[in-house]
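Every chain is numbered from 1 and lettered A, B, ... according to where its sequence line falls, protein lines coming before strand lines. Values reported hereafter were calculated over all heavy atoms of this structure, with side chains retained and with hydrogens, waters and symmetry mates removed.
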There are 2 protein chains.
Amino acid sequence: MEYRKIKDQENYEDTSQNDIESLHRKPLSGVVINSAPSSLGGSTKSSWKLKSIVTLALTLLTSSQAILIVWSKRAGKYEYSVTTANFSVEALKCAMSLVALAKIWRSQGVTEDNKLNTSFDEVSVYPIPAILYLIKNLLQYYIFAYVDAPAYQILKNLNIISTGVLYRIILKKRLSEIQWAAFILLCAGCTTAQLNPSSDHVLQTPFQGWVMAIVMALLSGFAGVYTEAIIKKRPSRNINVQNFWLYIFGMIFNLIAIIVQDYDEVMNKGFFHGYSFITVCMIVNHALSGIAVSMVMKYADNIVKVYSTSVAMLLTAVVSVFLFGFHLSLAFFLGSTVVSVSVYLHSIGKPQPQK
Amino acid sequence: MEYRKIKDQENYEDTSQNDIESLHRKPLSGVVINSAPSSLGGSTKSSWKLKSIVTLALTLLTSSQAILIVWSKRAGKYEYSVTTANFSVEALKCAMSLVALAKIWRSQGVTEDNKLNTSFDEVSVYPIPAILYLIKNLLQYYIFAYVDAPAYQILKNLNIISTGVLYRIILKKRLSEIQWAAFILLCAGCTTAQLNPSSDHVLQTPFQGWVMAIVMALLSGFAGVYTEAIIKKRPSRNINVQNFWLYIFGMIFNLIAIIVQDYDEVMNKGFFHGYSFITVCMIVNHALSGIAVSMVMKYADNIVKVYSTSVAMLLTAVVSVFLFGFHLSLAFFLGSTVVSVSVYLHSIGKPQPQK
């Protein structure tokens, strides 16, 4: 059962309302256009609406992503090289950002906020999330020396805690006591929902395995929180420009990965060897999810992102019952209950305004 | 742990500190003695202290109870008849109440509040909890036609929810939204902590099994809440008198059970056949736990009782690791985390005073 895959799918910036608009050839809503270009401070109601739309989009995209993965696995093993698929995702996101920008330039002209040109000062931090993910992905090869795959799925829930802690430390945002309690519950609930008879293996994880799992959780949490910091540092900057630069570095790092890992295969069989209809669906889905993550970072925050992907994990399992005849365990029901209570507590537990 | 503080602290009577006092032959504290005989309205601090002591006592007694059961099971199967043991527990509690009363009569004289004589009006409701438990115990024989023993352990957690709901409906006491959320978490957490690879059987429980489990949870919850209502109805009445009458009916109903189930065995082998040292320990422990439950009902409430016994369940598991070499599962850690957060939320989520 594959629900988690996606969780590390943290793409960095955002773009998406305009991307989606340009993709679907119909404006999403006036709200989006109004609040897109500059500071969002304006209307509380429309920013709330925007926040809900991007969160819902992320949740649906993330769960359909997991379902596509299960579907593709059922269809047989991967025939294409994963590195080229990752590169294609970054390239597609980059192209979507440019299309959205072109549309904006046509309607509003080129301004200081939506021009593609940038300063070294602005762009210098953009490679950092990509580098953090690269290190994390490298570590991922080594952790399997100490931890098996199901145990790794369980340990990945540490990301939830690390994101919360780093969000608090780096972005200096407050969570109320109830929201902290809710966050611990989210982590416990997600893990419970994934329990299976072999999960207890994770308790035999050796010390090195724990250290690596914690380091990976911190890297992943740090990358997410750092991306939010980058995007929110310049509130008036158009998100499509921010995305464009993030994705450019994503393309560069994935190109390096292709050269290191799959150079011969790509040279002999071609870049798109083994791509099927489902591969294309997955790439489009990953690109849209990536853009949704960026939008959540811009208009909401990492906490919303974590909740969104956790709820998506549960949704995926429920949908898989109908699509693939999966059985839900008692642990899944208990975990879902805890996650639901956590979502409720998070929403009622907003911190009191500071005096 | 003092969850609901003083708010509902209309303690109507009490007795138990004197019970314990008489048992241990040393006064528990000045507080206890001061607050013993009549209305407690006085010191908030001492009622808080009293509440904490009774809650702690219940938690420790309940967990040692479970450990004694494991110990006795390890020692071999029960050789004594369970009905005589239950009768002995009721008789011992009755005797303890009388000893405590005798002590009070000697120091304070016989008053309206501590006299043993009672009116039909007062005593008429006392058999009801005993009858409810009797019906529940009868149903217990039938439910095993539909549900196996491990699944029954899981379903018993429905008691937590039924107690909360009936507490709200019958005693008309408020729980805040956060406390309700905490209560759902308590149920989910306790169930999670008890998960084992065969727990999923419970999802195959037939409809009749669910109905019986729910009816039993309601009976058990109703008996608990009704006992609290009886004890709190006359705040100034001494708890030892109330206990005495409750336990008298307990003795009567258990006597009926002996006659129905074990008449021949008792006649042939004697009342105390098969009793060992550990049997006596269990009887004493059950008697003390029963008194602790009454005290919690008097000075706290059913909600505190549920929390106390849930925490005791977790304590038991931890102690069993050391005593019996049990292994704790990942599910246990997750469930314990959820229960801990629940206790925390319950304590910070006190309802705002009503205007």
Minimal non-hydrogen separation, Leu330(A) against Leu203(B), with atom names: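 Heavy-atom minimum between the residues: N-CD1, 3.5 Å.
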
Within the 4.5 Å heavy-atom criterion, are Leu195(B) and Leu334(A) side-chain neighbours or not?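 Of all side-chain heavy-atom pairs linking Leu334(A) with Leu195(B), at least one is under 4.5 Å.
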
Select, from Pro197(A), Ala331(A), Ser329(A), the one with the greatest count of heavy-atom pairs under 4.5 Å involving chain B.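 Between Pro197(A), Ala331(A), Ser329(A), the count favours Ser329(A).
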
Identify which of Ile348(A), Leu345(A), Thr337(A), Leu185(A) forms the greatest number of heavy-atom pairs closer than 4.5 Å to chain B.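 Top count of heavy-atom pairs under 4.5 Å with chain B: Leu185(A).
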
Distance (rounded to the nearest 0.5 Å) between Ile184(B) CD1 and Tyr344(A) OH: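 Taking CD1 in Ile184(B) and OH in Tyr344(A), the distance rounds to 9.0 Å.
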
CG-CZ distance between Asp200(B) and Phe333(A), expressed to the nearest 0.5 angstrom: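 The distance works out to 9.0 Å.
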
Interface moiety of Ile154(B) toward chain A, non-hydrogen atoms closer than 4.5 Å: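 It is the side chain, since no backbone atom gets that close.
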
Go through the atoms of Val202(B) and report whether side chain, backbone, both or neither lie under 4.5 Å from a heavy atom of chain A.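 Side chain only.
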
For Val341(A), which atoms come within 4.5 Å of any heavy atom of chain B: side chain, backbone, both, or neither?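 Answer is side chain: those atoms of Val341(A) sit under 4.5 Å from chain B.
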
Highest number of heavy-atom pairs under 4.5 Å with chain A: which of Ser342(B), Gly349(B), Ala188(B), Gly189(B)?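 Ranked by contacts with chain A, first place is Ala188(B).
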
Near Gln208(B) CD, under 6.0 Å, is it more than 12 heavy atoms from other residues, nucleotides or ligands?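 Atom CD in Gln208(B) is packed in, count exceeds 12.
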
